[in-house]
Amino acid sequence: MHQCIISLAANHKAEKNLLEARLCLEQILTFTHYTDAIWTEPIGCKRQDLYLNQLVKASTKLSFYELRNQLKNIEIKLGRTMEDRQEGIVRLDLDILAYDDERHHLSDWERHYIKILLPQLSL
């Protein structure tokens with residue numbers, strides 16, 4: 001089993017979309033532990049809609065690339081499109097922050113909300 005940390009974010013119908021994302025993640029992850037979901041200001045976005053952000057720490061049998069592909073499929077399933085992205089509408093964004101001992105999306109680790117939420121994953 002591989003350990004991972006995934007960030008969840010949305011700025012459009014955020015509460016609904018994060019709930020649906022968690023239901024989808026439960027199909028591909030095990031031993032999940034979610035942080036609280038917190039509202040944050042947008043960073044470098046066209047739109048000024050607040051984001052709802054959350055982290056999940058979990059186990060998976062999927063390889064890094066299989067997991068990344070599954071996350072992108074969930075985003076598409078929940079309505080993410082290139083047109084929305086160009087307009088700054090984020091129905092759902094799922095990013096792998098860590099996979100086993102390797103960090104990804106390194107600049108995200110410096111974001112304020114990540115630093116607030118990470119301690120909640122220390123079990």
Side-chain angles (χ1 to χ4, degrees):
M1 293 294 273
H2 302 282
Q3 302 302 308
C4 61
I5 298 173
I6 299 169
S7 67
L8 297 79
N11 73 357
H12 179 79
K13 298 183 180 177
E15 291 165 323
K16 174 186 173 288
N17 288 335
L18 257 58
L19 174 61
E20 289 184 21
R22 289 189 298 266
L23 295 173
C24 292
L25 290 172
E26 296 296 325
Q27 303 302 309
I28 62 170
L29 302 172
T30 56
F31 306 111
T32 56
H33 174 71
Y34 292 91
T35 64
D36 295 334
I38 60 172
W39 293 98
T40 62
E41 297 289 331
I43 301 171
C45 297
K46 269 186 180 181
R47 298 172 61 102
Q48 292 305 302
D49 303 309
L50 293 177
Y51 277 78
L52 189 58
N53 295 278
Q54 187 172 40
L55 301 178
V56 60
K57 183 177 184 179
S59 299
T60 184
K61 291 181 181 179
L62 299 173
S63 72
F64 173 81
Y65 297 105
E66 290 169 330
L67 178 60
R68 186 179 65 187
N69 289 339
Q70 289 286 334
L71 297 181
K72 295 309 162 198
N73 288 338
I74 292 169
E75 290 176 348
I76 292 167
K77 177 182 176 181
L78 296 184
R80 188 161 191 190
T81 65
M82 186 57 71
E83 294 81 16
D84 280 353
R85 187 175 185 162
Q86 292 169 349
E87 294 298 317
I89 297 169
V90 179
R91 295 175 192 276
L92 182 65
D93 185 32
L94 300 171
D95 291 321
I96 303 169
L97 293 182
Y99 184 86
D100 289 334
D101 293 326
E102 190 172 334
R103 286 185 174 193
H104 300 270
H105 294 275
L106 298 180
S107 62
D108 288 357
W109 287 86
E110 297 304 315
R111 294 191 175 183
H112 182 68
Y113 70 89
I114 298 288
K115 292 179 180 182
I116 290 172
L117 295 175
L118 273 175
Q120 293 182 27
L121 295 178
S122 299
L123 299 175

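Computed from heavy atoms alone, side chains included, the values below leave out hydrogens, waters and symmetry copies.
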Exercise. Do the non-hydrogen side-chain atoms of Leu29 and Leu67 ever get within less than 4.5 Å of each other?
Worked result: yes
Exercise. Who else is in Met1's hydrophobic cluster (ILVMFWY, side-chain heavy atoms under 4.5 Å, direct or via others)?
Worked result: none
Problem set entry | Gap between atom CG of Leu78 and atom CG of Leu92 - 0.5 Å precision | 5.5 Å
Exercise. Are the side chains of Leu71 and Leu25 in touch, meaning some heavy atoms are under 4.5 Å apart?
Worked result: yes
Exercise. Can you list every pair that meets salt bridge (Lys or Arg N to Asp or Glu O under 4.0 Å) and has a residue in residues 105-122, with sequence neighbours left out?
Worked result: Asp108-Arg111, Glu110-Lys115
For this session: Verify, without hydrogens or angle tests, whether Asn17 (side chain) and Arg91 (backbone) share a donor-acceptor contact under 3.5 angstrom.
Result: yes
Exercise. Is Leu23 isolated, or which residues cluster with it under the ILVMFWY side-chain rule of less than 4.5 Å, directly or via members?
Worked result: none
Problem set entry | Residues which pass ring pair (Phe, Tyr, Trp, His ring centres under 6.0 Å) with His112, listed by chain and number, not counting sequence neighbours | none
Exercise. Honestly curious: do Ile114 and Tyr51 fall in one hydrophobic cluster under the side-chain, below-4.5 Å linking rule?
Worked result: no
Exercise. What residues join Ile76 in its hydrophobic cluster, counting side-chain heavy atom gaps under 4.5 Å, either direct or through other members?
Worked result: none
For this session: Group every Ile, Leu, Val, Met, Phe, Trp and Tyr by side-chain heavy-atom contacts under 4.5 Å, then state whether Leu8 and Ile74 land in the same group.
Result: yes
Seminar exercise, completed: For Glu102, the salt bridge (charged side-chain N to carboxylate O under 4.0 Å, His left out) test, sequence neighbours excluded, returns none
For this session: Mind checking salt bridge (charged side-chain N to carboxylate O under 4.0 Å, His left out) for Glu75 and listing every partner two or more places apart, or none if nothing turns up?
Result: Lys72, Arg80
For this session: Go through the structure and list residues passing side-chain contact (heavy atoms from CB on, under 4.5 Å) with Gln3, not counting sequence neighbours.
Result: Ser59, Asp100
Problem set entry | Cys24 side chain reached by Asn73 side chain, heavy atoms, under 4.5 Å | no
Seminar exercise, completed: Hits for side-chain contact (heavy atoms from CB on, under 4.5 Å) against Gln70, two or more places apart or cross-chain, chain-then-number order -> Ile28, Leu62
Problem set entry | Inter-residue atom distance Arg103.CZ - Ile5.CD1, 0.5 Å rounding | 8.0 Å
Problem set entry | For Ser7, all residues meeting side-chain contact (heavy atoms from CB on, under 4.5 Å), sequence neighbours excluded | Leu55, Asp95, Leu97
For this session: Could you tell me whether the side chain of His33 and the main chain of Gln120 form a donor-acceptor pair under 3.5 Å?
Result: yes
Seminar exercise, completed: Sorted by chain and number, sequence neighbours left out, ring pair (Phe, Tyr, Trp, His ring centres under 6.0 Å) with Tyr99 holds for His2, Phe64
Exercise. In terms of hydrophobic clusters joined by side-chain contacts under 4.5 Å, are Val56 and Trp39 together?
Worked result: yes
Exercise. Quick one: CD on Gln54 to CD1 on Ile6, what's the gap to the nearest 0.5 Å?
Worked result: 11.5 Å
Exercise. Do any pairs count as a salt bridge (Lys or Arg N to Asp or Glu O under 4.0 Å) and have a residue in residues 25-41, sequence neighbours left out, and if so which ones?
Worked result: none
Exercise. Less than 4.5 Å apart, any side-chain heavy atom of His12 and any of Asp49?
Worked result: no
